[in-house]
Amino acid sequence: VAEVGSETIPQSTYSRDYRNLIQAQSQRLRQQVTPEMARKLGLSDALLKDMINRMALDSLADKLGVVVSDADVSDAVRNIQGFFGPLGTFDKQMFLARLRERQYTEDEFIDQIRKEMARAQVTAPVQGGFQVPPGYAHALFTFSTEVRAAQYVVMSPQQAGTIPPPGDS
């Protein structure tokens with residue numbers, strides 16, 4: 001479907017994610033989202049842009065060497081309420097059933113959670129109230145809003161006359 005660097009988005013992954021998006025939108029709107037409604041809402045384009053953005057952030061996280069431990073991933077998965085069973089805690093059978101509903105393998109889902117956590121580490125400083133030092137902000141504002149005016153006169157070589165070569169002074 002698309003390429004970002006050396007990574008690709010396979011048709012099967014895009015189709016699965018699109019079906020899941022339609023299902024989520026249907027639940028949110030409390031009515032079945034038809035293909036025509038999905039087209040009008042721009043869901044296909046929005047999904048593709050989101051997938052491309054995620055892949056770009058994944059690539060950046062890889063370049064920066066961002067690593068998420070197995071323990072952190074396990075804790076994150078065990079705290080997703082959609083996987084809680086009747087006792088109010090993580091239920092492995094509920095987890096596997098939800099993955100089957102969404103057409104994910106366990107490894108695909110774990111990999112996706114790991115990448116999501118790595119992306120969060122990359123984007124958190126920007127989203128978490130990152131502030132530019134005042135002097136830098138002023139210099140950046142001054143540079144980006146700087147306007148210069150120039151005046152000039154167009155003359156033909158005959159109008160300019162003979163111009164002597166420049167001297168040492």
Side-chain angles (χ1 to χ4, degrees), residues 1-137 140-141 144:
V1 175
E3 286 185 32
V4 177
S6 62
E7 298 292 319
T8 61
I9 300 172
Q11 177 65 38
S12 59
T13 301
Y14 177 81
S15 295
R16 179 199 60 209
D17 289 359
Y18 186 70
R19 282 189 303 273
N20 288 336
L21 178 61
I22 295 294
Q23 183 180 9
Q25 287 293 332
S26 295
Q27 288 175 351
R28 188 172 302 129
L29 297 173
R30 297 183 184 181
Q31 67 175 354
Q32 183 60 41
V33 174
T34 65
E36 180 63 27
M37 289 173 66
R39 223 177 346 273
K40 286 181 181 177
L41 292 171
L43 296 182
S44 177
D45 291 340
L47 174 63
L48 184 58
K49 286 178 187 175
D50 183 56
M51 293 177 86
I52 290 170
N53 288 338
R54 283 184 282 160
M55 286 180 68
L57 285 171
D58 291 345
S59 177
L60 178 60
D62 286 344
K63 284 181 186 175
L64 294 173
V66 176
V67 177
V68 180
S69 73
D70 292 342
D72 288 340
V73 173
S74 178
D75 287 345
V77 170
R78 290 179 177 278
N79 287 313
I80 297 173
Q81 291 187 351
F83 302 144
F84 287 9
L87 300 176
T89 58
F90 178 80
D91 183 313
K92 178 77 172 188
Q93 296 309 314
M94 182 70 76
F95 169 69
L96 295 173
R98 295 278 191 237
L99 293 185
R100 277 191 305 276
E101 288 173 9
R102 301 287 185 192
Q103 300 176 344
Y104 280 96
T105 66
E106 186 172 351
D107 288 341
E108 285 174 326
F109 184 77
I110 298 298
D111 185 55
Q112 191 165 16
I113 293 296
R114 185 179 309 278
K115 286 179 178 179
E116 193 174 292
M117 293 175 75
R119 284 190 299 268
Q121 288 184 40
V122 171
T123 60
V126 178
Q127 295 173 338
F130 174 77
Q131 293 187 2
V132 176
Y136 182 79
L140 186 61
F141 176 78
S144 65

> What pair of heavy atoms forms the shortest contact from A38 to Y18, and how long is it?
Replying inline: CB-OH, 3.3 Å
> What residue among E108, R19, R16 forms side-chain hydrogen bond (donor to acceptor under 3.5 Å, both in side chains) with Q103?
Replying inline: R19
>> Taking the basic N atoms (NZ, or NE/NH1/NH2) and the acidic carboxylate oxygens, is any pair closer than 4.0 Å for E106 and K92?
In response: yes
>> Contact between I22 and Q32 at the side-chain level, heavy atoms closer than 4.5 Å - yes or no?
In response: yes
>> Please report the interatomic distance CD(Q93) to CZ(F83), rounded to the nearest 0.5 Å.
In response: 13.0 Å
>> Taking the side chain as everything from C-beta on, heavy atoms only, tell me whether M37 gets closer than 4.5 Å to Q25.
In response: no
> Distance from L64 atom CG to L57 atom CG, nearest 0.5 Å?
Replying inline: 10.0 Å
>> Within a 6.0 Å radius of atom CD on E101, are there more than 12 heavy atoms belonging to other residues, nucleotides or ligands?
In response: yes
> Taking the six-membered ring for Trp, are Y104 and F109 parallel (under 30°), tilted (30 to 60°) or perpendicular (over 60°)?
Replying inline: perpendicular
> Can you find a heavy atom in the side chain of I80 that is under 4.5 Å from one in the side chain of R98?
Replying inline: no
> Between the side chain of Y14 and the main-chain N/O of L47, is any donor-acceptor distance below 3.5 Å?
Replying inline: no
>> So does D70 get a backbone contact from the side chain of S74, meaning a donor-acceptor N/O pair under 3.5 Å?
In response: no
> Roughly how far apart are E116 CD and D58 CG, rounded to 0.5 Å?
Replying inline: 10.0 Å
> Which is it for D111 and K115 under the salt bridge (Lys or Arg N to Asp or Glu O under 4.0 Å) test, yes or no, and what are the steps along the way?
Replying inline: CA-CA 6 Å; D111 185 55; K115 286 179 178 179; 3.5 Å; yes
> Between D50 and A46, is there a donor-acceptor pair closer than 3.5 Å when you use the side chain of the first and the backbone of the second?
Replying inline: no
>> When you measure from the side chain of R114 to the backbone of V68, do you find a donor-acceptor pair of N or O atoms at a distance under 3.5 Å?
In response: yes
> Considering only heavy atoms from C-beta outward, does the side chain of I9 approach that of M55 to under 4.5 Å?
Replying inline: yes
> Atom CG of L41 and atom CG of L43: how far apart are they, to the nearest 0.5 Å?
Replying inline: 5.0 Å
> Does L140 offer a backbone N or O that forms a donor-acceptor pair with the side chain of S144 under 3.5 Å?
Replying inline: yes
>> Any side-chain to backbone donor/acceptor pair from S26 onto V33? Under 3.5 Å, distance only.
In response: yes
> About how many Å separate OG1 of T105 and CD of Q112, when rounded to the nearest 0.5 Å?
Replying inline: 10.0 Å
> Is there a side chain to side chain contact (heavy atoms under 4.5 Å, CB included) between T13 and M51 once you walk through the steps?
Replying inline: CA-CA 10 Å; T13 301; M51 293 177 86; 3.9 Å; yes
>> So which atom in V1 and which in L48 form the shortest heavy-atom distance, rounded to 0.1 Å?
In response: CG1-CD1, 3.6 Å
